[in-house]
There are 4 protein chains.
Amino acid sequence: MSGDIKKIVLAYSGGLDTSVILRWLQETYSCEVVTFTADIGQGEELEPARAKAELLGVKPGNIYIDDLREEFVRDFVFPMFRANTLYEGTYLLGTSIARPLIAKRQIEIANEVGADAVAHGATGKGNDQVRFELGYYALKPDIKVIAPWRQWDLNSRTRLLDYAEQHQIPIAKDKRGEAPYSTDANLLHISYEGKALEDPWVEPDEDMFTRSIAPEKAPDTPTYVEVEFKHGDAVAVDGVALSPAQVLTKLNELGGQNGIGRLDLVENRFVGMKSRGVYETPGGTILLAAHRGIESITLDRGAMHLKDDVMPRYAELIYNGFWFSPERLAIQALIDSTQQQVNGTVRLKLFKGQASVVGRKSPNSLYRLDYVTFEADSVYNQKDAEGFIKLNALRLRLGAMAKGS
Amino acid sequence: MSGDIKKIVLAYSGGLDTSVILRWLQETYSCEVVTFTADIGQGEELEPARAKAELLGVKPGNIYIDDLREEFVRDFVFPMFRANTLYEGTYLLGTSIARPLIAKRQIEIANEVGADAVAHGATGKGNDQVRFELGYYALKPDIKVIAPWRQWDLNSRTRLLDYAEQHQIPIAKDKRGEAPYSTDANLLHISYEGKALEDPWVEPDEDMFTRSIAPEKAPDTPTYVEVEFKHGDAVAVDGVALSPAQVLTKLNELGGQNGIGRLDLVENRFVGMKSRGVYETPGGTILLAAHRGIESITLDRGAMHLKDDVMPRYAELIYNGFWFSPERLAIQALIDSTQQQVNGTVRLKLFKGQASVVGRKSPNSLYRLDYVTFEADSVYNQKDAEGFIKLNALRLRLGAMAKGS
Amino acid sequence: MSGDIKKIVLAYSGGLDTSVILRWLQETYSCEVVTFTADIGQGEELEPARAKAELLGVKPGNIYIDDLREEFVRDFVFPMFRANTLYEGTYLLGTSIARPLIAKRQIEIANEVGADAVAHGATGKGNDQVRFELGYYALKPDIKVIAPWRQWDLNSRTRLLDYAEQHQIPIAKDKRGEAPYSTDANLLHISYEGKALEDPWVEPDEDMFTRSIAPEKAPDTPTYVEVEFKHGDAVAVDGVALSPAQVLTKLNELGGQNGIGRLDLVENRFVGMKSRGVYETPGGTILLAAHRGIESITLDRGAMHLKDDVMPRYAELIYNGFWFSPERLAIQALIDSTQQQVNGTVRLKLFKGQASVVGRKSPNSLYRLDYVTFEADSVYNQKDAEGFIKLNALRLRLGAMAKGS
Amino acid sequence: MSGDIKKIVLAYSGGLDTSVILRWLQETYSCEVVTFTADIGQGEELEPARAKAELLGVKPGNIYIDDLREEFVRDFVFPMFRANTLYEGTYLLGTSIARPLIAKRQIEIANEVGADAVAHGATGKGNDQVRFELGYYALKPDIKVIAPWRQWDLNSRTRLLDYAEQHQIPIAKDKRGEAPYSTDANLLHISYEGKALEDPWVEPDEDMFTRSIAPEKAPDTPTYVEVEFKHGDAVAVDGVALSPAQVLTKLNELGGQNGIGRLDLVENRFVGMKSRGVYETPGGTILLAAHRGIESITLDRGAMHLKDDVMPRYAELIYNGFWFSPERLAIQALIDSTQQQVNGTVRLKLFKGQASVVGRKSPNSLYRLDYVTFEADSVYNQKDAEGFIKLNALRLRLGAMAKGS
């Protein structure tokens, strides 16, 4: 096996696990390993990853550290939010949407450095392995994929630590013990799963949360915020024009301060089992409500209902890792074609865990007061309703007659 | 026209509008009018409606007053909640779901009393006329339908009041002036629309709300509640077995005390325009979260995703008034076939406007800790994931190769 | 009423009915009427329509006669065929797809001549009135629409003929008697309905058909034809590059000679009743089979299944007249986004009523012999299938275990 | 590995491949092998399979030979046809629908004889392995599955023949050479794939076909047939009441004589590649047309369109092997709930490859001549159409106005 691989690009966080993987790859394949560390807003310093990679023998020219935050929000988060995407009715797909970007950049680097393999640190039981690898294969069909967690025998915490010690891999003190949960973070969300959360009947500890204050401790007076949209994407907050990553950063801040965006659920993994996850998505939760709000006055009913009908499937595609599939792209074309007129401003009330739309206005508004008012019929003839109802009822009447006979 | 109608069953609330209608029907058609007043949990005394009907000359035997609360929740609200139904992503369909029940009972009475016509007090611009009339026609295809608001010339408040005065119809003092909004209420919700709400940029006044305390004034400590489900329907709250209407009443109480269930939106009416509505659905909001919660551990992924895919269409059917259509019944058959194993208990935290699932357990749980844990693979072989991914990726790879060529 | 209208654009065929309408409009509205006659391949001379319009007093400058055949096939028929569109599983929408083009051109003319109204000759029981008028309103929301068949009292053949005689409208001899069926024709199809076809148990007479020879009389040896596609549209037949209208004309010729494209059905009209129609769509029937054929080797499975899933809804939108709706456009964006690689050639066998795909090839083929062959596994590892199946089965197994317990 | 398995139930055809498998299982696992051979209408004698199993050392009590033809048609084929099921627009799923029945019976036998494993003869590249194994796992989640083609090293024809010779397995003379295609047959269809069909540009040889005469050689005069339906299932042919299997047998006969039901396509396998298949489904092709025909006059539009919308997904589920999944069962509940009124008779013309509906009648017909006729409006008021159109157009007009502004 080891002889086949010439150069590997590893998705490298700088943490213990991927450091062990880095060394294990070097040993197992006796080849150059290129590390790739991305800033997608996870809120960690990246320079330590560089130092650690160097310490583990990676050549400086083989260490890639990229700030992908704007690309992440602009090309992944925002397109997804145009669809009001929720997986299984509740989950905002914070982890799912980051994986294809990492896969994409990893493949770009593989092409640049002439690598024939890529590696990642996702386990064999989760969704992320699928998301990474479907991305790799879709973008570079002949790539070789190394998934150490499925291949090696370091399948317990103890063995992993042993391996680290044997190979002089530094172990942070707080990583000695077993973490109470594993997390994944980016600019859209942070997730928690495993160990302390494994009993779905037990509520998570308050001290687990890191991105939002507890609703109980949030301010006693509401915060109001205005989000402005252009072609379905948020472009300004409270009147200040912002870049995509800036918008999300700002909404995270406001949401976090008001205890918004916590979610505790049991979800269905693509690999077949159910798992419990807890998420914090402060800005995304506000953004979803705001986008629904602006669509409510600017989007035609037919287009809206069509979008609603395909949304669960679109969410499933993203959750399952099919971001680069032809069908995700086709649904995206459908979604995007509806957003031209989705312009305007939404006003939200943020209060102790909740983001509520309380106002919306738009230069393209389809809401017409003159059509709704109860009184005179200058534009809408109430008598038209009779014919409308009668023809809509016709098949029901014919059906009832046929049964009656 | 007047000569054609022999006997009319009127959906009669006892309020000013339907009292005017009652008198107008008597005058216009010179025939017997039967009044039907239903308790569907709107929270008003019904006996005054009887007195008023008698005052307006309706024979005692022609006055029907029915308590339909249990039927409402059992046969309409619960089936709808089995589908986690939301119209346009947010609206719980509180008004929509009550209309078919009223239409059904009205037709039953028409059959009992040998009436050849039914009448309702919905206007020509709204959805309710459609919901009533599609119900009538589906259940009794040869029924004659009278919709006074589309037919008469009393199209302004002034004319209506004039007519009432001319015909000795009592006018409650608070009905003299124009109401700031019109409302519709039942055990599931109360709605507000019109006048003071017509500018969708303006937040509604706090004093409009009647079913929920303001989140700002709700208790500073969370309330926890446990809801138990059997075959997808809630059957007990906090360990106490309750009838359908009792469950909803109890959840309304808990929700209302915690500021839960307010919703402010612009929706797309079936008749073609957008309108702004504000809703309070305290118990329903809890119930929806709880039902999603119990499904999350008891419902197979395939069944859940299928339900999610058809839900928006199901919601649209109910919103548009097609409750008695073959396609609503067919989707209901699909939904109901998935609920056999949806049994267990959900624990929710209610706090200042939010109902959050924090625990779920079930004798039929599909959540299996042994399959999720990171360590040893007694039941799940991580190596299987490789083949799973490779075959899922195959078409993507072939697609990339074909493009590359 | 008559005073309101200043100038009317009439969709004018030159036949008896629209000639009566022309005169009736002139009389009723005392205003200028502009006639618009389109060649969409119905196979009739258009110049007689000009003469007749002049005879009825239409000014030469108010007579529009346009050849829309290329636009019809390029912008309406081909986009629809990209979706493999069938209404209710069988109908190729030959009438439905022509109506929006006529409406569009009629509105263009109305804008050119400054007309404030348009009129058509469709009856009040059919789909065409809806298709025309939804087109008008979508393209010019303040247009006034005149539908004489819903408005006048010439509701019997006798009255219509009387009116024609009274107003010196020439009546072709063969129009004196009642036609055994009404027809609609364009380059895609011809339809028959009414009278002689009204009993859905009775087979139509052979002599009704005009575009195809009876299968029984078609050649005893098959005809083979090759259709070449580029981005999902047919661009050549038997190696000869052709324009859109030429392609369809050629395929109509080949199909008609081989008895292909007859269809006898009962369909559900948008206005609520069922009706029986018989259609001849020789070229379209070949084109549909050919397009499916080229997609079968060039289109990714995910994209194909997505297209198949939305197709019935897309068909319904076209049938119901929503060609210019945002949701039709959104689905079109989805469809079109999948057709880039749909290039290549399909070989079909035409024989006595049937068009069968017997060969397909493409420079973008996704069909890979090396992946299909039973023997050695250089590219596809059969062992991968085990993991694929195991993970796909996991939820089914967990479900069975939960039930078993 | 070998020590784990105690008793195996093998799906055994009696042919060379499964005979080799039988011996290989005995050798590899040193355990009892139970053979199961089903008559699902494949048109072969089953007694030779018994003799051969005995010859290979299977105890008489371990040889199961079952006639499953009625169960096959009643519980698998007919439910599928209620949905008018076509995979990828054309394929009638003849192979797919038989697999779950075989899996089900195999598991029943495993339970009866106390076997802990099942085995099948499907290869690692096809769909059938998936269909078998998903069936096994869904019905008996702890079953062990043996798929020799994925496990052994007899991966070429030569090795297989060598093994057979070495183990005294009789080899029919015509099995010495490589077959030009592999086939699968049952009462619904016969399939051909592989070798001679591998170039999708090349038309199959006429002498390949076994269930239908060539259209060119079919009778020169049409055959007419009447199929009667009860609750969506065919119950009589030409007035003669027949059991499900008898109906299909009779339609196969009529279809075969008239060259009906041949299909040549490239399809997308679940395991990720495209493959070319040729099918003969004479009776099924007639049945599909007939079922659509009876639905056309008895099924409500809303129910029909809903069915059409979910059909492709239902087809995909069956094709992919998810017959026993909760979502297939849920869709079946939807489908079945629509078939109560699907009663009546359809008349078809069979001629040289084509089955065309030419008549349909029903005691539950929703087709009402009085609603369709062009003249007087006793039941349908043409003026109603105006209101119907106006309200349907309203959102389009508002959209156009908003864009115009």
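These figures come from a predicted structure and were not determined experimentally. What you see below is based on every heavy atom in this structure, not just the backbone, and it leaves out hydrogens, waters and symmetry mates.
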Exercise. Can we say C:Glu316 and D:Arg301 salt-bridge, meaning some charged N sits less than 4.0 Å from an Asp/Glu carboxylate O?
Worked result: no
Seminar exercise, completed: Separation between CG (C:Leu369) and OG (D:Ser275), nearest 0.5 Å, reads 11.0 Å
For this session: Mind ranking D:Leu398, D:Leu366, D:Leu86 by heavy-atom pairs under 4.5 Å with chain C and telling me who comes out on top?
Result: D:Leu366
Exercise. Which region of D:Ser356, side chain (C-beta onward) or backbone (N, CA, C, O), has a non-hydrogen atom less than 4.5 Å from a non-hydrogen atom of chain C, or is it both or neither?
Worked result: neither
Exercise. Checking C:Arg397 side chain against D:Lys140 main chain: does a donor-acceptor pair fall under 3.5 Å?
Worked result: no
For this session: Against chain D, work out which of C:Met311, C:Arg262, C:Gln354 has the most heavy-atom pairs shorter than 4.5 Å and name it.
Result: C:Gln354
Seminar exercise, completed: Of the listed D:Met273, D:Lys361, D:Glu386, the one with the largest count of heavy-atom pairs under 4.5 Å with chain C is D:Lys361
Exercise. Do C:Lys274 and D:Asp300 sit within salt-bridge range, that is, some charged N less than 4.0 Å from a carboxylate O?
Worked result: no
Problem set entry | Under 4.5 Å from any heavy atom of chain C - which part of D:Val278 | neither
Exercise. Taking atom CD of C:Gln129 and atom CZ of D:Phe388, what is their separation to the nearest 0.5 Å?
Worked result: 9.0 Å
Problem set entry | Heavy-atom proximity to chain C below 4.5 Å, by part of D:Val271 | both
Exercise. Would you say D:Glu88 and C:Met304 make side-chain contact, with heavy atoms under 4.5 Å?
Worked result: yes
Exercise. Any ion pair linking D:Asp384 and C:Arg150 (charged N to carboxylate O, less than 4.0 Å)?
Worked result: no
For this session: Would you name the heavy atoms of D:Asp308 and C:Pro312 that are closest together and state the gap between them?
Result: O-CG, 3.5 Å
For this session: Check whether D:Tyr136 gets within reach of chain C through its side chain, its backbone, both or neither, counting any heavy atom under 4.5 Å.
Result: neither
For this session: Give the minimum heavy-atom separation between D:Ala400 and C:Ala138, together with the two atoms involved.
Result: CB-O, 3.3 Å
Exercise. So what's closer than 4.5 Å to chain C heavy atoms on D:Thr345: side chain, backbone, both or neither?
Worked result: both
Problem set entry | Under 4.5 Å from any heavy atom of chain D - which part of C:Tyr314 | neither
Problem set entry | Contacting moiety of D:Leu394, where chain C heavy atoms sit under 4.5 Å | neither
For this session: List in chain and number order the residues that pass salt bridge (charged side-chain N to carboxylate O under 4.0 Å, His left out) with C:Asp153, two or more places apart in sequence or in another chain; answer none if no residue qualifies.
Result: none
Exercise. Are any non-hydrogen side-chain atoms of D:Leu396 and C:Leu134 less than 4.5 angstrom apart?
Worked result: yes
Problem set entry | Distance in Å, D:Asn320 CG paired with C:Asn392 CG, rounded so as to fall on 0.5 Å steps | 8.0 Å
Problem set entry | Among the listed options C:Asp142, C:Asp199, C:Val266, the residue most often paired with chain D at heavy-atom distances under 4.5 Å | C:Val266
Exercise. Any idea which of C:Ala147, C:Pro222, C:Gly293 has the most non-hydrogen atom pairs under 4.5 angstrom with chain D?
Worked result: C:Pro222
Exercise. Which one, C:Pro326, C:Gly359, C:Pro204, C:Gly272, leads in non-hydrogen pairs under 4.5 Å with chain D?
Worked result: C:Gly359
Problem set entry | From CG (D:Leu265) to CD1 (C:Ile297), nearest 0.5 Å | 12.5 Å
Problem set entry | Interchain contact, C:Val130 with chain D, by part (heavy-atom threshold 4.5 Å) | both
Problem set entry | chain D contact via C:Val346 - side chain, backbone, both or neither, heavy atoms under 4.5 Å | backbone
Problem set entry | Distance flag, aromatic centroids of C:Tyr319 and D:His305, threshold under 6.0 Å | no
Exercise. Should D:Ser296 and C:Arg276 count as side-chain neighbours, where that means a heavy-atom distance under 4.5 Å?
Worked result: no
For this session: Search all heavy atoms of C:Thr123 against all heavy atoms of D:Gln382 and return the closest pair with its distance.
Result: C-OE1, 3.9 Å
Exercise. So, the side chain of C:Tyr137 versus the backbone of D:Ile389: is there a donor-acceptor pair under 3.5 Å, distance only?
Worked result: no
Exercise. Is there a side-chain contact between C:Tyr367 and D:Glu198, using heavy atoms and a 4.5 Å cut-off?
Worked result: yes
Problem set entry | Salt bridge present between C:Arg347 and D:Glu203 (N-O < 4.0 angstrom) | yes
Seminar exercise, completed: What one should report as the nearest heavy-atom pair of D:Gly124 and C:Ala385 is O-CB, 3.7 Å
Problem set entry | C:Glu267, part contacting chain D, at a heavy-atom distance under 4.5 Å | neither
Exercise. Would D:Val358 and C:Trp201 count as a side-chain contact (heavy atoms from CB on, under 4.5 Å) if you check the C-alpha gap in whole Å, the side-chain angles of each, and the deciding distance to 0.1 Å?
Worked result: CA-CA 7 Å; D:Val358 295; C:Trp201 181 249; over 6 Å; no
Exercise. Under the 3.5 angstrom rule, does the side chain of D:Arg360 hit a backbone N or O of C:Pro200 as a donor-acceptor pair?
Worked result: yes
Exercise. Is D:Glu216 salt-bridged to C:Lys349, going by a charged N under 4.0 Å from an acidic O?
Worked result: yes
